[in-house]
Amino acid sequence: MPELPEVETIRRGVEPYVVDRRISRVLVREARMRWPVPPDFAEQLRGRLIVGTSRRGKYLLLHLDNGDRVLIHLGMSGRLLVLDQGHPLIKHDHVDIELGDGKMLRFHDPRRFGAVLLWRHADASHPLLAGMGPEPFSDEFDGDYLHRMSRGRSAAIKSFVMDGRIVVGAGNIYAAESLFRAGIRPTRAAGDVSLPRYRVLASMIRDVLNEAIMQGGTTLRDFAGADGAAGYFQQDLYVYGRDTQPCRSCATPIRRLVIGQRSSFFCPRCQR
DNA sequence: AGATTCGCCTGAGAGC
DNA sequence: TGCTCTCAGGCGAATC
């Protein structure tokens, strides 16, 4: 499932193929996703030059020469591949953005939790991006910030850290891994965690995300980079998906429980 | 306001 | 082999 490192991996993979390329044609085979692809999407994109890419949280943005931006969210089963035009279609290939040089971006998403949207005149803030918390690599994000935001909150720290209004990009896998590294039990009430521990946590969140980006993301089921290659961070997971297996640090069996409707993994000995 | 639950989807895997 | 059932989950919307 694409979280921040996976989206960043895809962005880096896609960027060299799309920047300074002109969109020659867009094909929308399936518009029904998290939100429908706008009816005039293809028409609006045709002839536009892509001038850059960026990422906000788990949204991938293509910057167009007229100030519009394409918003792409991969949901949990989405892929964005760079292919040659005419590449054989498979089930769930929903959108193609063809470029002038014979390449194309192909959006594929079996579960259709993803989205492909057009953000017209991107000078004003987009409703889906407004209200998002800071990027984990920004100056604004640190232990003091987390500590300040968490005061008076009774929710589990794992839910708190996964809340995109607090900080973006810490999805289920990376929240679990960050909390393990910080030695914090995921069920602990966010408001009860001390400043020093939040400082460790903030730095672990950044470390985990950074390492995952360097490994090309985590491939558990669906994820692939823009070239179709798998990521490798799953080899470095300490707790996620390791229910009943021995903790890599102390050999105590890893435990699984459900927090906020999501499966959560932790070491009962290393995390307090 | 904060916390919790719901709903959107399909594929993989388990069980029969 | 093939069916049915359960689970996975990002995240906005609805509800408590």
Side-chain angles (χ1 to χ4, degrees), chain A residues 1-11 29-37 55-61 71-80 89-95 107-117 119 125-136 146-178 186-193 205 209 212 217-224 230-231 234 237 239-244 256-265:
Chain A
M1 49 227 82
E3 299 187 23
L4 187 150
E6 289 72 35
V7 177
E8 181 61 21
T9 295
I10 288 169
R11 191 194 67 76
R29 297 184 195 82
E30 176 57 87
R32 295 172 303 166
M33 302 198 215
R34 183 75 159 86
W35 297 279
V37 179
R55 178 192 55 73
R56 179 75 177 98
K58 298 171 193 171
Y59 286 90
L60 176 62
L61 306 174
L71 258 83
I72 299 173
H73 198 292
L74 300 172
M76 60 165 295
S77 60
R79 290 185 180 202
L80 192 65
L89 277 175
I90 58 173
K91 206 174 173 184
H92 310 303
D93 283 342
H94 301 320
V95 178
F107 180 85
H108 168 96
D109 185 8
R111 264 154 278 190
R112 292 195 272 119
F113 277 19
V116 177
L117 298 169
W119 180 12
S125 90
H126 191 281
L128 289 171
L129 305 183
M132 286 175 76
E135 289 286 325
L146 284 179
H147 183 257
R148 190 176 353 112
M149 296 298 285
S150 65
R151 291 310 87 185
R153 298 226 188 191
S154 60
I157 188 164
K158 178 162 178 276
S159 304
F160 174 72
V161 157
M162 288 181 65
D163 186 339
R165 293 164 299 184
I166 302 300
V167 60
V168 298
N172 205 28
I173 298 173
Y174 300 109
E177 295 299 310
S178 307
T187 47
R188 189 170 282 282
D192 291 346
V193 174
I205 289 172
L209 293 175
T218 300
T219 296
L220 294 175
R221 293 178 191 84
D222 303 306
F223 175 70
Q234 64 275 15
L237 299 176
V239 288
Y240 185 84
R242 299 195 64 248
D243 187 23
T244 72
R256 172 188 184 274
L257 49 80
V258 175
I259 301 170
Q261 314 283 75
R262 286 167 182 88
S263 44
S264 308
F265 303 89

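Within every chain, numbering begins at 1; the chains are lettered A, B, ... in the order of the sequence lines, protein sequences first and strands thereafter.
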Please check this pair: side chain of [X] against backbone of [Y], looking for a donor-acceptor N/O pair closer than 3.5 Å.
X	Y	answer
A/Glu30	A/Arg32	yes
A/Glu177	A/Leu237	no
A/His94	A/Asp109	yes

* Determine which pairs satisfy salt bridge (charged side-chain N to carboxylate O under 4.0 Å, His left out) with at least one residue from residues 126-136 of chain A, sequence neighbours left out, and list them in order. => A/Arg55-A/Glu135, A/Arg56-A/Glu135
* Pairs involving residues 149-163 of chain A, ordered by first then second residue, that meet salt bridge (charged side-chain N to carboxylate O under 4.0 Å, His left out) (sequence neighbours left out) -> A/Asp163-A/Arg165
* Asked: Looking at CD1 of A/Ile90 and NE2 of A/His108, how far apart are the two atoms once the value is rounded to the nearest 0.5 Å?
  -> 4.5 Å
* Length of the CD-C1' vector between A/Glu6 and C/dG9, whole Å -> 13 Å
* Relative orientation of the end axes in the helix from B/dG2-C/dC16 to B/dC16-C/dG2, expressed as an angle to the nearest 10° (five pairs per end) -> 50°
* Select base, sugar-phosphate, or nothing to describe what A/Arg256 touches, counting heavy atoms under 4.0 Å on all strands. => sugar-phosphate
* To do: Just jot down the ring pair (Phe, Tyr, Trp, His ring centres under 6.0 Å) partners of A/Phe113, sequence neighbours excluded, or say none.
  => none
* Structure fact -> Considering only heavy side-chain atoms of A/Trp35, the closest of B/dT4, C/dG12, C/dG10 is C/dG12
* Asked: Do you know which two heavy atoms are closest between A/Ser263 and A/Asn172, and how far apart they sit?
  -> O-ND2, 3.1 Å
* Structure fact -> In short, A/Tyr59 meets A/Leu129 closest at the heavy-atom pair CD1-CD2, 3.6 Å
Nucleotides 7-10 of chain B: which of its N/O atoms have a protein N/O under 3.5 Å away?
unit_1	atom_1	unit_2	atom_2	d
B/dC9	O3'	A/Arg112	NH2	3.3
B/dT10	OP1	A/Arg112	NH2	3.1
B/dT10	O3'	A/His92	NE2	3.2

* Among residues 157-171 of chain A, which contact DNA chain B at a heavy-atom distance under 4.0 Å? -> none
* Under 4.0 Å: is that the gap between some side-chain N or O of A/Tyr174 and OP1 or OP2 of C/dG10? -> no
